[in-house]
Amino acid sequence: MNYQQTEIPDYNFAYLDEQTKRMIRRALLKAVAIPGYQVPFAGREMPMPYGWGTGGVQVTAAVIGPEDTLKVIDQGSDDTTNAVSIRKFFARTAGVETTEKTADADIIQTRHRIPEHPLREDQILVYQVPIPEPLRFLEPRETETRKMHALEEYGLMHVKLYEDIARHGHIATTYAYPALINDRYMMDPSPIPKFDNPKMDMMPALQLFGAGREKRIYALPPYTKVKSLDFEDHPFVIQSWEDVCGLCGAKDTFLDEVILDDQGNRMFVCSDSDHCNERQAKGHRGPQNRDDSLTEEVAL
Amino acid sequence: MYVAVKGGERAIENAHKLLAEKRRGNPDIPEIKTDQIREQLTLSVSRVMAEGSLYDPDLASLAIKQARGDLIEAVFLMRAYRTTLPRFGYSLPIDTGTMQISRRISATYKDLPGGQVLGPTFDYTHRLLDFTLTANGEEPLEAESSSEGVDNTMPRVLDDLLNHEGLIQQEERVSDESHEPVGDLTRQPLEFPADRDIRLQNLSRGDEGFILSLGYSTQRGYARNHAFVGEIRYGSVDVEIAPEELDFPIHLGEIDITECENVNQFKGSKTAPPQFTRGYGLTFGQNERKAIAMALVDRALRDKEMGEEVTSPAQDEEFVLSHSDNIEATGFVEHIKLPHYVDFQSELELVRKMRREQAEQHPQRAAE
Amino acid sequence: MDLGPLTAPLSGLENPAFASNRIFRDVLEALSRPGTVVPAPENLETPGKLNRAATGFLLALADMETPVWLSPDIRDIQTEKHLKFHTGCPVVDQCGQAVFAVADARTSNFDFLNSLAVGNPEMPHQSATLLIMIDGFTGPAALTLTGPGIHSKAVLAPDPIPDALIQWAQANQRLFPCGVDLIFAATSSLAALPRTTRIEV
């Protein structure tokens, strides 16, 4: 064998060998049939580190076909280095079209966000998941959490959330906010902000979750009930900002805080860069973006 | 006006170029060749092969060079390559009893059939920096070879010597047809409780430092089970396959391995008489530190089998097996340097809100 | 591998990486949206009594890790050899061992249904997927479907649809999270009823 080559010149379509894809595909079909249940799968080492989205990459590699258009986001943005790197990986190994526009994508791989633009029935959203087990920080043992899921014994989580309320006056979980799927399985939505949780509920698109290091796959079929945990006297609420997006003026999006100097000056911008660009293209302007003739807030 | 950061492709490409430049170092110094690594950094090569779970000294040498000597990064390169290799079949179990011995020692007997063979070991070197090596060294001293030669039918201490008196626990043979096939955690997800085949595979691929520290912890009283090294042997063994259509095995080649068998105390239970128990360690190449530590941890993990109480980390199979893999560990530990500003923003909003609420409830404290 | 006397094997999937991806995506769509009818692969050689949708499904998703069970009425040497040759899957005698079980709505005896693997509460995914071969989806009686994947309700009219199968499928749904996932493999199309789908006649 010749080891001089530093790259495999002829890897299979979308990198993974067919046997591995079949194994992942079978796990995906079971995941869809048992919404919110974590299906163990024999995750493979990928040519990128664990923690960098190997689960999402394996799911995308098993799902993507030559005619698909792929979008990859990290923190809502197509430009973050890891999103760029994953997009490039699939452009190279699968030769697929890529896009930054949510509406043009067939498959969207994401880390930490759900796009602001509502997804359609013909789209698939693939999440990168670090810790798939919602009960993991309450009970580190897999053998125990597996039993809890089997018995639908989720009291521990309710106690935890209730302790938050007792101590802080409200639930202190802001991302990876647990949800009950189809009135049965408790699921970790991956570290998306709780702002995004309501988007999962009855979403027209198929949602697939891949945890490479922990070797778990789970799924939400379209139009599946996703209920963020709460209490009658402390209903689930999402984050809100007093500010608007400095660039596009949006009032209803998830905003990132940008530090402008060391004097405490800051501004807020949409975390979903495609959504923000689209709004700006339509003429929407925010307070830090008024250097042309257009006026702010043409329409919301 | 504020412009959102465009990260990107060019930055990544430049980072890769810088990395290549750093790897090469000063171009006035001759570039290191992979065959030099293979021949002169053999213990690094051993470790990369063992934890990379792939026996190939040439590839391991390349990985070490490419990784700038970062052995965990080199292990990662090996693993990512390994996973793309097609599987043609499974070899027969190797027989360490027929090893071409380079080194064999026992701590339990002063002398024994086959003798103590020191072989290439740091054990009795005085750790004094040898400055002659910086000046490109000298021709190495040639070791004297014994006129008698090494006896290659050396009896195994645990199976052939201790077993005569029935003093040592009998191991189940898993290769018998009646048993389940040997597990493979690179093909099946790890499930708990894990059988010993999976545990041993996990430990053998596991991080040397992690296994070393766990083994050490058992010696310091966290699941203490005093161990003697019954035997360590290092040398080469034959690898054979037995294709279905042939009724004889085919010799594929030899691999170097280190094997350690420990003898541990056992006071006996209601059903079993007092006898010695075993811990087993095996690694690719020469790596006694890993093999000994692995044998200590293997023994600690046999707690259920022995009816022992689980009190310490080294006995806790979920803890040990879930955290031994350095590729998983380094990925997840290092991933926190990736952007997390969406999560952080969520937390910021919460902390501000809680501080605001606290200030409203306790205006004095907030003013302080 | 012993393939017995030499007969020219039928061909499998053309361009397997792309073809199996297409088939998988259609099956994924069918299972994600119960009641949705997706196309079966065109121009696919079918061994013995298997139809195109069932053959395509097995060629795309079966391999040495997935024991396949064929109902006795559709099991023959040609089918068995074809599957083994193209996928390497073991063809098993006990339907309880099967990851994929295949039967024919017209000719099979359905006594086997309750022997299929349904998983257990801790490992509900260790369950069989059942392929029932039918003619098409224009049967006289429509099933009304509700559950995950379905916006409000969906209708599906497999033809034929034996009563025994409907009753079993309704009982199967009540086993959730355990249970079998059901695929209707018609000649030129396919639809699915995962264990979550509630069925009304």
Side-chain angles (χ1 to χ4, degrees), chain A residues 3 6 8 11 17 20 40-47 49-52 54 74-77 79-82 84-85 88 111-113 130 140-143 168-169 172 174-176 191-195 213 215-216 239 241 246-247 254-258 260 267 269 271 273 276 288-289 291, chain B residues 1-9 11-12 15 34 56 58-59 62 66 76-77 79-84 86-87 184-193 316 318-319 322 325 327-336 338-350 353-354 357 361:
Chain A
Y3 296 133
T6 51
I8 318 156
Y11 28 94
D17 59 284
T20 300
F41 81 112
R44 305 285 198 249
E45 273 102 357
M46 296 300 287
Y50 286 118
W52 262 249
T54 56
D74 188 339
Q75 315 293 303
S77 163
D79 289 324
T80 30
T81 40
N82 200 42
V84 170
S85 162
K88 202 173 164 190
R111 177 169 172 263
H112 294 199
R113 276 308 313 274
R141 276 170 208 285
E142 165 71 16
T143 39
H168 309 297
T174 57
Y175 58 92
I192 56 172
K194 66 178 181 176
F195 180 88
R213 192 177 36 76
K215 299 176 178 57
R216 294 290 184 275
Q239 289 103 333
W241 286 260
L247 299 181
F254 190 90
L255 298 178
D256 289 331
E257 182 170 333
V258 180
L260 296 173
M267 68 179 280
V269 290
S271 120
S273 51
C276 193
Q288 276 88 357
N289 190 14
D291 52 354
Chain B
M1 189 199 113
Y2 168 78
V3 179
V5 198
K6 283 264 173 191
E9 219 148 318
I12 293 176
T34 53
D56 190 322
D58 290 317
L59 276 187
L62 169 60
Q66 188 180 330
F76 186 8
L77 290 167
R79 292 270 194 95
Y81 181 78
R82 176 191 191 275
T83 198
T84 64
R87 295 196 174 199
D184 181 353
L185 51 79
T186 67
R187 295 277 133 172
Q188 296 295 326
L190 181 60
E191 278 169 17
F192 299 109
D316 183 333
E318 250 197 91
F319 178 80
S322 303
D325 190 295
I327 302 309
E328 291 175 1
T330 199
F332 203 51
V333 164
E334 293 194 54
H335 106 285
I336 61 174
L338 287 180
H340 280 79
Y341 49 77
V342 166
D343 304 349
F344 185 67
Q345 186 61 42
S346 303
E347 295 282 273
L348 260 181
E349 190 251 6
L350 179 72
K353 185 169 154 191
M354 293 198 312
E357 284 165 1
Q361 284 160 14

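Predicted model, so just to flag it, every value in this text is computed and none were measured.
In this structure, chain B has a heavy atom under 4.5 Å from the side chain of A:Asn82, while its backbone stays farther away. Of the two parts of B:Glu349, only the side chain, counted from C-beta on, holds a non-hydrogen atom closer than 4.5 Å to a non-hydrogen atom of chain A. Contact annotation for A:Ala172: both backbone and side-chain heavy atoms come within less than 4.5 Å of a heavy atom of chain B. For B:Glu357, the part lying under 4.5 angstrom from a heavy atom of chain A is the side chain only. For B:Leu77, no part lies under 4.5 angstrom from a heavy atom of chain A. At a 4.5 Å heavy-atom cutoff, the contact between B:Phe192 and chain A is made by backbone and side-chain atoms alike. Contacts between B:Ile327 and chain A at a heavy-atom distance below 4.5 Å involve backbone atoms as well as side-chain atoms. Of the atoms belonging to A:Arg113, it is side-chain heavy atoms, and not backbone ones, that fall under 4.5 Å from chain B.
In this structure, CZ on A:Arg141 lies 4.0 Å from CG on B:Asp316, to the nearest 0.5 angstrom. Here the CZ atom belonging to B:Arg187 is positioned 5.5 Å from the OG1 atom belonging to A:Thr20, to the nearest 0.5 angstrom. If you take CD on A:Glu257 and CD on B:Gln345, they are separated by 5.0 Å, rounding to the nearest 0.5 Å.
For the pair A:Asp17/B:Thr84, no side-chain contact is recorded, criterion being any heavy-atom separation below 4.5 Å from C-beta on. Side chains of A:His168 and B:Lys353 form no contact here, defined as non-hydrogen atoms less than 4.5 Å apart.
Highest contact tally toward chain B, considering only A:Tyr175, A:Phe41, A:Phe195, is held by A:Tyr175 [criterion: heavy-atom pairs under 4.5 Å]. Contacts with chain A were tallied for B:Glu191, B:Glu328, B:His340, B:His335; B:Glu328 has the most, counting heavy-atom pairs under 4.5 Å. Residue with the most contacts toward chain B among A:Arg111, A:Lys215, A:Arg216, A:Met46: A:Arg111 (heavy-atom pairs, distance under 4.5 Å).
For B:Phe344, the CZ atom sits in a loose shell: 12 or fewer heavy atoms of surrounding residues, nucleotides or ligands are nearer than 6.0 Å.
Remark: side-chain polar atoms of A:Gln75 are paired, donor with acceptor, to backbone N or O of B:Tyr341 under 3.5 angstrom.
Considering all non-hydrogen atoms of both residues, A:Gly51 and B:Leu338 come closest at O-CD1, 3.7 Å. The shortest non-hydrogen separation linking A:Ser271 to B:Val342 is OG-CG2, 4.0 Å. Shown here for B:Ala80 and A:Pro47, the closest heavy-atom pair between the two residues is CB-CA, 4.1 Å.
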*asked:* Go through it in stages, so that I can follow the logic: the residues are B:Ser346 and A:Gln239, the test is side-chain contact (heavy atoms from CB on, under 4.5 Å), and I'd like the CA-CA distance, side-chain angles, deciding distance and then a yes or no.
replied: CA-CA 7 Å; B:Ser346 303; A:Gln239 289 103 333; 3.1 Å; yes
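Of the N and O atoms on the side chains of A:Thr143 and B:Glu318, at least one donor lies less than 3.5 Å from an acceptor on the other residue.
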